[in-house]
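Letters go in sequence order (proteins before strands), and every chain restarts at 1.
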2 protein chains.
Amino acid sequence: MTISEENYIKVIYHLSLVSPKGVNTNAIAGMLDTKASSVTDMLKKLSEKELVSYQKYQGVTLTDKGFYSAKMIVRKHRLWEVFLVDKLNFSWDEVHEIAEELEHIKSENLINKLDAFLDFPSFDPHGDPIPNADGEIKKINKLLLSETELNKEYQCVGVKDSSSEFLQYLDKQKIALGSKITVKEKESFDDTLLVQIDSRQLTISNKIANNLYVK
Amino acid sequence: MTISEENYIKVIYHLSLVSPKGVNTNAIAGMLDTKASSVTDMLKKLSEKELVSYQKYQGVTLTDKGFYSAKMIVRKHRLWEVFLVDKLNFSWDEVHEIAEELEHIKSENLINKLDAFLDFPSFDPHGDPIPNADGEIKKINKLLLSETELNKEYQCVGVKDSSSEFLQYLDKQKIALGSKITVKEKESFDDTLLVQIDSRQLTISNKIANNLYVK
DNA sequence: TATTATTTTTAGTTTTGCCTAAATTTTTAG
DNA sequence: CTAAAAATTTAGGCAAAACTAAAAATAATA
Ligand SMILES: [Mn+2]
Ligand SMILES: [Mn+2]
Ligand SMILES: [Mn+2]
Ligand SMILES: [Mn+2]
């Protein structure tokens with residue numbers, strides 16, 4: 001697979017988690033910052049290689065082969081992110097871009113040795129699960145902060161939006177994966193939350209609450 | 001710079017250490033396993049970007065800019081090789097191919113953090129010097145085993161040929177960087193050497209002696 | 001020096017991945 | 001159910017990086 005093909009497969013994977021019936025051409029184009037006509041061209045090629053099932057106008061899904069390939073790319077991406085944060089002391093808002101390049105390095109041996117070196121982590125720095133060498137993914141029951149019950153203690157386990165702006169906001173508010181969070185009050189007018197984080201009180205907008213996973 | 005451009009610059013760098021007057025089109029083609037006509041095309045592009053000085057039929061040399069770029073690619077290649085051997089437990093004959101890919105990862109920040117993580121190594125697993133962040137290279141006075149004096153103790157510091165066949169031969173004979181080597185006798189007919197390595201006696205062909213650096 | 005031989009460049013194609021513009025199909029609304 | 005809107009595909013092209021074949025320049029040699 002070329003780097004371009006890998007990027008398409010990965011995007012189709014991510015989109016198919018949301019629309020399992022079939023992924024739209026325009027959605028793919030949007031994620032890859034390219035044009036729908038280019039996507040159509042690539043879908044034909046991926047279909048030829050039996051990485052996706054594609055009938056024109058009907059959207060696209062991954063074949064088993066494509067699904068496995070996608071998970072291996074995601075595995076590489078997330079393991080490299082762990083390496084960058086845990087070993088090289090990058091902060092969690094700096095690693096995504098670099099991992100976008102590292103995920104295309106070809107050696108399977110490399111990624112398995114990296115996995116061992118990192119002690120077989122199950123989650124990346126953003127709380128996303130890391131597929132193991134067989135493509136199996138550990139699921140956890142997480143929910144958005146906006147969906148939690150009042151006065152019940154949760155633990156922060158991930159982010160939905162992993163843009164550096166959002167991650168830097170969390171850093172500024174000293175909210176990290178592992179932080180204990182309890183929603184004390186919910187303002188019905190705008191869904192703003194009054195929360196207790198570790199031992200601090202904080203007011204959190206609905207937008208934030210919709211992008212923070214807890215369990 | 002594209003990956004292809006980087007590969008050309010790196011090859012021109014290596015060849016120009018041997019032929020500083022100017023590197024031949026065919027020599028470049030040979031190293032990159034491509035055709036002379038493709039090289040000519042690329043030389044025009046690199047010249048356009050002021051990475052090389054090139055006049056047709058006259059061979060090519062790196063500009064200061066090209067020379068610095070080349071050293072940064074070599075720096076990345078060799079640092080990644082150190083990482084693979086020291087941290088991921090690859091053996092020294094397995095790392096070159098993977099480093100050929102890793103050397104094209106773009107972030108300067110990444111490579112400087114990797115450098116720090118590895119404790120600023122000066123030499124890679126094959127004994128080749130690693131340029132620092134400014135492009136400076138630590139030179140050592142090394143010579144080939146075939147050029148040594150009889151009955152004088154040397155230390156193995158590098159390999160000229162770093163093919164896996166040669167490296168695996170050295171592993172088999174338990175010759176590693178750091179090994180103490182003394183040439184006891186030289187057979188004048190075929191230049192075969194009788195050497196003492198650490199505490200063992202060994203007969204070594206001229207071909208081997210011409211590819212092992214000592215100091 | 002004149003003539004080969006070798007090296008290098010030019011000319012013309014190919015493939016990959018992308019683009020714009022136009023045509024087609026599907027979906028949504030009236 | 002039809003007409004407009006939206007989504008998707010086709011057609012035709014472009015740029016990068018490779019190739020082959022042929023031409024031109026340089027180097028080697030008789
Ligand atoms: Mn990421
Ligand atoms: Mn991540
Ligand atoms: Mn190498
Ligand atoms: Mn090396």
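Look at CD on A:Gln55: it is 14 Å from P on D:dT8, rounded to the nearest Å. In this structure, B:Leu46 atom CG and D:dA16 atom P are separated by 13 Å, rounded to whole Å. Distance, B:Leu32 CG to D:dA18 C1': 12 Å, rounded to whole Å. If you take CE of B:Met42 and P of C:dT10, they are 16 Å apart, rounded to a whole angstrom. When the P atom of D:dA15 is taken as reference, atom CD of B:Glu48 falls 15 Å away, rounded to whole Å. The nearest whole Å value for the distance from the NZ atom in A:Lys44 to the P atom in C:dC18 is 15 Å. Remark: P of D:dA7 and CD1 of A:Ile28 are 14 Å apart, rounded to the nearest angstrom. For A:Asp33 and C:dC18, the CG to P distance is 11 Å, given to the nearest whole Å.
Considering only side-chain N and O atoms, B:Lys56 lies nowhere under 4.0 angstrom from the phosphate OP1 or OP2 of D:dA24. Regarding contacts with the backbone of C:dT8, a side-chain N or O of B:Asn24 is found under 4.0 angstrom from either OP1 or OP2. Distances shown here put every side-chain N or O of A:Ser37 at or beyond 4.0 Å from the OP1 or OP2 atom of C:dC19.
Under a 4.0 Å N-O distance rule, the pair B:Lys106/A:Glu100 does not qualify as a salt bridge. Salt bridge status for A:Asp115 with A:Arg75: present, with a side-chain N to carboxylate O gap under 4.0 Å.
Here C:dT8 is the nucleotide among C:dT24, D:dT10, C:dT8 with the atom lying nearest to any side-chain atom of B:Thr25. With C:dT7, C:dC19, C:dT9 as the choices, the nucleotide that has an atom nearest any side-chain atom of B:Asn26 turns out to be C:dT7. Proximity note for B:Thr40 (side chain, C-beta onward) versus D:dA7, D:dA18, C:dT8: the nearest is C:dT8. The side chain of A:Tyr8 approaches C:dC18 more closely than any other nucleotide in the set D:dT10, C:dT8, C:dC18. You'll find that the side chain of B:Lys35 is closest to D:dT20, out of D:dA11, D:dT20, C:dT8. Distance from the side chain of A:Tyr57 is smallest to D:dT8 among D:dT8, D:dC19, C:dC19.
The partner of D:dA18 is C:dT13, judged by Watson-Crick or G-U wobble contacts that both fall below 3.5 Å. Across all strands shown, C:dT6 is found opposite D:dA25 as a Watson-Crick or G-U wobble partner, with both distances under 3.5 Å.
A heavy-atom distance below 4.5 Å is not found between the side chains of A:Leu79 and A:Phe117. Using a 4.5 Å heavy-atom cutoff, the side chains of A:Phe67 and A:Lys71 are in contact. Counting heavy atoms from C-beta on, the side chains of A:Val159 and A:Trp92 come closer than 4.5 Å.
Backbone-only engagement by A:Thr34 is indicated by non-hydrogen atom pairs under 4.0 Å involving sugar-phosphate atoms exclusively. Residue contacts shown for A:Ser4 are limited to sugar-phosphate atoms, with no base heavy atom under 4.0 Å away. When heavy atoms are screened at a 4.0 angstrom cut-off, A:Asp41 is found touching base atoms of the nucleic acid.
Both A:Ile3 and A:Gln58 lie near DNA chain C, and the one whose nearest nucleotide falls closer to the 5' end is A:Ile3.
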**Asked** Where do A:Asn109 and A:Ser107 land on the side chain to side chain donor-acceptor pair (under 3.5 Å) test, with the steps shown first?
**Response** CA-CA 5 Å; A:Asn109 197 204; A:Ser107 166; 5.2 Å; no
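Under 3.5 Å, the side chain of A:Thr2 and the base of C:dT16 form no donor-acceptor pair of N or O atoms.
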